[in-house]
Number of protein chains: 2
Amino acid sequence: MSKYGIGEFANKVGLTTYTLRYYEKQNLIIPKRDENDRRYYDDEDVKWIGFILHLKGTGMLMSEIQEYVELRKQGDSTIDRRKQLLESVKKRSLAEINERKSHLNVLSHKIDWYDGKLSHKVDESFEEYLKRFR
Amino acid sequence: MSKYGIGEFANKVGLTTYTLRYYEKQNLIIPKRDENDRRYYDDEDVKWIGFILHLKGTGMLMSEIQEYVELRKQGDSTIDRRKQLLESVKKRSLAEINERKSHLNVLSHKIDWYDGKLSHKVDESFEEYLKRFR
DNA sequence: GTACTATTTAGAGTTAACTCTAAGTCAAGT
DNA sequence: ACTTGACTTAGAGTTAACTCTAAATAGTAC
């Protein structure tokens, strides 16, 4: 157990084999090879790809993850820079969430307007309302 | 006043002229033309592009905005379908926010770990911790 | 030993949303 | 008249992140 061919691994982590080979080209995850030069992945790789997917889920770009991977390779002396990198991603990601929320507010208001929850004949039109968001 | 050439309008709304012509090709906004066939935009267009940018800000795809625009052209009989469309976008967008938040939790935890706020020698490794998120 | 299946590679194709280029038109300024 | 600058078009190029194709190889099933 704890050795997976690329197909099996792809199933396990919810990616396609295409994507895994692509990530490998991009240096995100480099599996070992067997006697026939075939890739195999282990449980460390499962954990690592899991973490990568969390990073991607925050909106971190592949190029940034590449940078993170390179720092990681250089050992503990880069911990501070790695932390800074993650902090800047975190900051940006939170800002994106807030921006999206504010756009969602406008969309929600429009839905309410369609719902008739807001009078269609009131003095303030939807467009007037929108102005307040700028 | 309240008539803008494409350059002026682009400045006003924070887009490039390229993007505006592209949006026009995609039927998102169709400005009027003067005697020389040059585009001009008015304050209605300012409001409309503002709304479009809110929609884009929620993660709504151009193809979905196109659909919305087509329904709008067909008049009040499509209000219900427009509302449904916006509701499905809203639902998806909220789900995306929540997913991103959960990824951000993991990233924050990693930052704390780097910070030494979490002991590096504790029984539970970062990888063990991560498992709980799956 | 032949078919089937999973792999391998390099490289081409896809998608969404722009972004830019080239060649031409037009009006205003000097 | 000529230059400058903003515009016009069709269509090509870019970016990020995949996604797929084709041809070859290697192990497994009958």
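Chain naming here is simple, since letters A, B, ... match the order of the sequence lines and numbering starts at 1 in each.
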* **First encountered from the 5' end of DNA chain C, between A/Asp37 and B/Ser63** =>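 The 5'-side residue here is A/Asp37.
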* Nearest-nucleotide comparison on DNA chain C, the residue closer to the 5′ end among B/Gly59 and A/Arg21 ->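 Taking each residue's closest nucleotide, the earlier one in sequence belongs to A/Arg21.
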Establish, with yes or no, whether the OP1 or OP2 oxygen of [N] is under 4.0 angstrom from a side-chain nitrogen or oxygen of [X].
{"X": "B/Tyr23", "N": "C/dC18", "value": "yes"}
{"X": "B/Tyr22", "N": "C/dA16", "value": "no"}
{"X": "A/Lys56", "N": "D/dC18", "value": "yes"}
{"X": "A/Arg38", "N": "D/dA26", "value": "no"}
{"X": "B/Arg39", "N": "D/dT8", "value": "yes"}
{"X": "A/Asn36", "N": "D/dT25", "value": "no"}

Distance check needed: [N] [atom2] versus [X] [atom1], whole Å only.
{"X": "B/Ile52", "N": "C/dC18", "atom1": "CD1", "atom2": "C1'", "result": "15 Å"}
{"X": "A/Leu20", "N": "C/dT7", "atom1": "CG", "atom2": "C1'", "result": "13 Å"}
{"X": "A/Lys3", "N": "C/dT7", "atom1": "NZ", "atom2": "C1'", "result": "17 Å"}
{"X": "A/Glu24", "N": "C/dT7", "atom1": "CD", "atom2": "P", "result": "13 Å"}
{"X": "B/Phe9", "N": "D/dT8", "atom1": "CZ", "atom2": "P", "result": "13 Å"}
{"X": "B/Leu28", "N": "C/dA17", "atom1": "CG", "atom2": "P", "result": "10 Å"}
{"X": "A/Tyr18", "N": "D/dT19", "atom1": "OH", "atom2": "P", "result": "11 Å"}
{"X": "A/Arg33", "N": "D/dA26", "atom1": "CZ", "atom2": "C1'", "result": "14 Å"}

* Asked: Can you find a side-chain donor-acceptor pair between B/Asp43 and B/Tyr4 that sits under 3.5 Å?
  ->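 Yes - a donor-acceptor pair under 3.5 Å links their side chains.
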* Picking from D/dA17, D/dC18, D/dC20, which would you name as closest to the side chain of A/Thr19? ->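 The listed nucleotide nearest to A/Thr19's side chain is D/dC18.
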* Asked: Tell me, do B/Lys32 and B/Asp42 make a side-chain contact under 4.5 Å, heavy atoms counted?
  ->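 Yes, at least one pair of side-chain atoms sits under 4.5 Å.
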* To do: Taking the side chain as every heavy atom from C-beta outward, state whether A/Lys110 and A/Tyr114 have any atom pair closer than 4.5 Å.
  =>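 Yes; the side chains approach each other to less than 4.5 Å.
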* Nearest-nucleotide 5' precedence on DNA chain D, B/Ile6 against B/Lys25 ->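 The residue mapped nearer the 5' terminus is B/Ile6.
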* Using heavy atoms to find the nearest nucleotide of DNA chain D for A/Met62 and B/Glu8 separately, return the residue whose nucleotide is more 5′. =>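 Comparing both residues, the 5'-ward one is B/Glu8.
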* Asked: Would you find a donor on one side and an acceptor on the other, under 3.5 Å apart, between the side chain of A/Glu87 and the backbone of B/Ile111?
  ->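 No, A/Glu87 side chain to B/Ile111 backbone: no donor-acceptor pair under 3.5 Å.
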* Tell me, please, whether B/Phe51 has B/Lys47 positioned over its six-membered ring: NZ or CZ under 6.0 Å from the ring centre and within 45 degrees of its axis? =>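 Not satisfied by the 6.0 Å and 45° rule.
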